[in-house]
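Once you've had a glance at the structure underneath, I'll fire off some questions.
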There are 2 protein chains.
Amino acid sequence: MTQGEAGLRSTRSRPTMREVAALAGVAIKTVSRVFNGVPTVDPAIVARVREAADKLGYRPNLTASSLRRGDGRTATIGMLVEDAANPFSAALTRTVENVARERGVLVLVGSLDENPARERELAQALIDRRVDGLVIVPAGRDQSYLISEQRSGTRMVFVDREAGLLDADAVVSDNRQGAVTAVNHLLGAGHRRIAYLGDRASIPTAAQRFDGYRHALEVAHVECDDRIIRHVGSSEEAAIAATEQVMSLPDPPTALFTSQNLVTIGALRALRALGLQDTVAQVGFDDFPLADILNPGVSVIAQDIEQVGKTAAEMLFRRLDGDESPARTITVPTRLIERGSGEIPAKGPRHD
Amino acid sequence: MTQGEAGLRSTRSRPTMREVAALAGVAIKTVSRVFNGVPTVDPAIVARVREAADKLGYRPNLTASSLRRGDGRTATIGMLVEDAANPFSAALTRTVENVARERGVLVLVGSLDENPARERELAQALIDRRVDGLVIVPAGRDQSYLISEQRSGTRMVFVDREAGLLDADAVVSDNRQGAVTAVNHLLGAGHRRIAYLGDRASIPTAAQRFDGYRHALEVAHVECDDRIIRHVGSSEEAAIAATEQVMSLPDPPTALFTSQNLVTIGALRALRALGLQDTVAQVGFDDFPLADILNPGVSVIAQDIEQVGKTAAEMLFRRLDGDESPARTITVPTRLIERGSGEIPAKGPRHD
DNA sequence: TCTCGCCGAGTCAACGTTGTCTCAACGTTG
DNA sequence: CAACGTTGAGACAACGTTGACTCGGCGAGA
């Protein structure tokens, strides 16, 4: 490899304030003042410095700056979600990014895949980079490992689920009430045999939704039958299998409440495969794209993801602006979207 | 506010190596050695340092470390996508994150919303934070503003579209060939009147897909009729309107090639509204969730997003590992997925 | 005319870490 | 036993920037 060629494309190290200062014939500090917009600099000198900086292609080093400056802010926050590729996480990330952008703050993202060990690793990695704050959709149930970081001044807001063993802000959807609404809606259409298909009960949001399901049935004096209750995890395949099983019972349900996105989709695939999509009612928790274009449209309890994300981000920035009030949890309401599948009436003889 | 209360929750500033060293009774440099895994440290001292660090809740400051260390690496890369919330960008982000994670590298994301000014601002913001490299889905057509950064050693890979006025690596899908395949597939089902609905022609990928459309028709000696060619932009509403218009022509198309995600969805909504979903054939560019569950299923040309993202990330890291070979563009093939809508035969008298 | 205060710019040290150098202690070898 | 290499750890400076302080010059008021 020729020296010349290497020289051409090689790393001519990035110019620093020192070089800009030398070219402009001023002190380094003056360059610093110019780039920080300090008003007590002679306009002629400002122009000279700017010109020198442009000529050299100078860009300030925020890394060095944040190390030196008093507040130590990096203008960067960390965001830990379940999976950057899933629609819920993606929408959440985008709303947080929007709020951050207004303040010149960038977002570092990490996917946890429901893995508590990964949550810890990535949270540490973010802290090692001295992010100003964290927005976390926790994978584990114990965030006590963050106590010392919290005490060291790292602000954090939890989303979708509250933090465990840690006193911190959180923004959550009203899972329980959403489930109650869903089940009441099905009860209102005359259904008395309503199956529950949802994520593992160990996941807090799933537990809350299941709780709402049970509560609504209880209030309506409808028996809760364990044979049509399945905590299947969050996979379409498992949901398909579970749906086939409950539908092949001697006394199958006339309606389904599917409490998680992939479970909803799995169930509706299974109903279609069985030709039951116009017979068995279904309400899902979480909206999804094209739910309205299916036939019938899929009725869902929709979370207000934008509201959740925006609220969380604003909360975080309030903390960063010095809000020291006690930690609190904000609950964002859900809303029922009627599209057809949830309005299929119970057929056959009424059981009441 | 009482002093005591404020004291309890207030920022006790983060411990540094100095404090760990003091507590462990060693020099700062020794703490540094321990955390960098330098092998020539007495195991007893290692233990003492680790203990002191744990007691204080010490976490290394990567910001300071990257400032001081020779290579200046921050173990962070930047990723600029169209919109973190859309499925394409989200999937891309996730695959890049996966490759980065293996190397202990974190990803900063930014959404450009097809806005070239934003692209520039965000690229600068990333560079100011001294990211090791950039993965960019460019919004503008001119990336020459990055030449000086490239020369300063910031590595960059472009995705989905090549960089303009800049010599840089890129990973793109084979848009032209994908379009050719789509149109040939429709021709194969007997269609001779095939409409094109796509994004604005000023977007390079859209232009390539349109080019493929035209080329395939030309090869088949089928006339290209401007009245059934619409560059509508990327909105469902516009696609719906355009679909309604072309279908209400005296000589409407018997098949649609929709060359962008939202256009595909808009068109299929419109066909459904007109009751034509089983009559008019449709092939879309870009797969989307639930395309298989609709009736008929939607046939698409699917991009291999994982392959694109993975290739781009690996390319970037090869560059970071010192690869100085000339910049190149890697083209990833697309594939046709037959689900029904694209296999609807042309009815009525054959025109040939 | 002298002093006071202010304005504009510079000097110096420090943020938390690591590269380079130095040095003491120890074991080996001819 | 002296010369030597090796091993383990500390001293010092520096990365690029900014906070605290300093200082010269100039206009205003006594």
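Each chain gets a letter, A, B and so on, in the order its sequence line appears, and its residues count up from 1. Because only heavy atoms are used, hydrogens play no part in the values below, and waters and symmetry mates are left out as well, while side chains stay in.
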End-to-end bend of the helix from dT1(C)-dA30(D) to dG30(C)-dC1(D) (five-pair axes, 10° rounding)?
60°
Of the listed nucleotides (dG10(D), dT18(D), dG16(D)), which one gets closest to any side-chain atom of Thr16(A)?
dG16(D)
Rounded to the Å, how far apart are Ile45(A) CD1 and dC7(C) P?
16 Å
Leu67(A) has an atom CG; how far is it from atom C1' of dG16(D), in whole Å?
9 Å
Interatomic distance where CE belongs to Met17(B) and P belongs to dG10(D) [whole Å]:
13 Å
I'd like to know if the side chain of Asp83(A) and the backbone of Ala85(A) have a donor-acceptor N/O pair within less than 3.5 Å.
yes
Does Arg130(A) reach the side chain of Ile127(A), with side-chain heavy atoms less than 4.5 Å apart?
yes
Just checking Tyr58(A): base, sugar-phosphate only, or nothing, at a heavy-atom cut-off of under 4.0 Å?
sugar-phosphate
Would you say the base of dG19(C) and the side-chain of Lys29(B) have a donor-acceptor pair closer than 3.5 Å?
yes
Under-4.0 Å side-chain N/O to phosphate OP1/OP2 contact, Ser32(B) with dT17(C)
no
Intermediate values then yes/no, side-chain contact (heavy atoms from CB on, under 4.5 Å), Phe317(A) and Arg103(A):
CA-CA 9 Å; Phe317(A) 284 114; Arg103(A) 306 172 147 255; 3.4 Å; yes
Are the side chain of Gln143(B) and the backbone of Leu166(B) linked by a donor-acceptor contact shorter than 3.5 Å?
no
Would you kindly compare Arg33(B) and Ala64(B) by the position of their nearest DNA chain D nucleotide and give the one closer to the 5′ end?
Arg33(B)
Rounded to whole Å, how long is the line connecting atom CG of Leu62(B) with atom P of dC15(C)?
19 Å
Going through the checks in order, is the salt bridge (charged side-chain N to carboxylate O under 4.0 Å, His left out) test met by Arg155(A) and Glu324(A)?
CA-CA 10 Å; Arg155(A) 301 309 199 156; Glu324(A) 295 284 353; 3.0 Å; yes
Using modelled atom types and a 3.5 Å cut-off, is there a donor and acceptor pairing between side-chain atoms of Glu97(A) and backbone atoms of Ser111(B)?
yes
Side-chain N,O (Ser65(B)) to OP1/OP2 (dT18(C)) below 4.0 Å
yes
Would you indicate, yes or no, if dG8(C) has its OP1 or OP2 atom less than 4.0 angstrom from a side-chain nitrogen or oxygen of Thr30(A)?
no
Can a side-chain donor-acceptor contact be found between Arg129(B) and Thr76(A) if the only test is distance below 3.5 angstrom?
yes
Return the value, rounded to whole Å, for the distance between atom CD1 of Ile28(B) and atom P of dA13(D).
14 Å
With a 4.0 Å limit, can you tell me whether Asn36(B) has a side-chain N or O closer than that to the phosphate oxygens OP1/OP2 of dT18(C)?
yes
Starting at atom CZ of Arg73(B), determine the distance to atom P of dG19(C), rounded to an integer number of angstrom.
14 Å
If I take atom CZ in residue Arg59(A) and atom C1' in nucleotide dG16(D), what distance separates them, rounded to the nearest angstrom?
15 Å
Could you check how far CG of Asp42(B) sits from P of dC26(C), rounded to whole Å?
13 Å
Could you tell me if Arg50(A) sits above the aromatic ring of Phe35(A), with its cationic atom closer than 6.0 Å to the ring centre and no more than 45 degrees from the axis?
yes
Kindly say if Thr40(A) contacts the phosphate of dC7(C), meaning a side-chain N or O under 4.0 Å from OP1 or OP2.
no
Would you say the base of dG16(C) and the side-chain of Arg14(B) have a donor-acceptor pair closer than 3.5 Å?
no
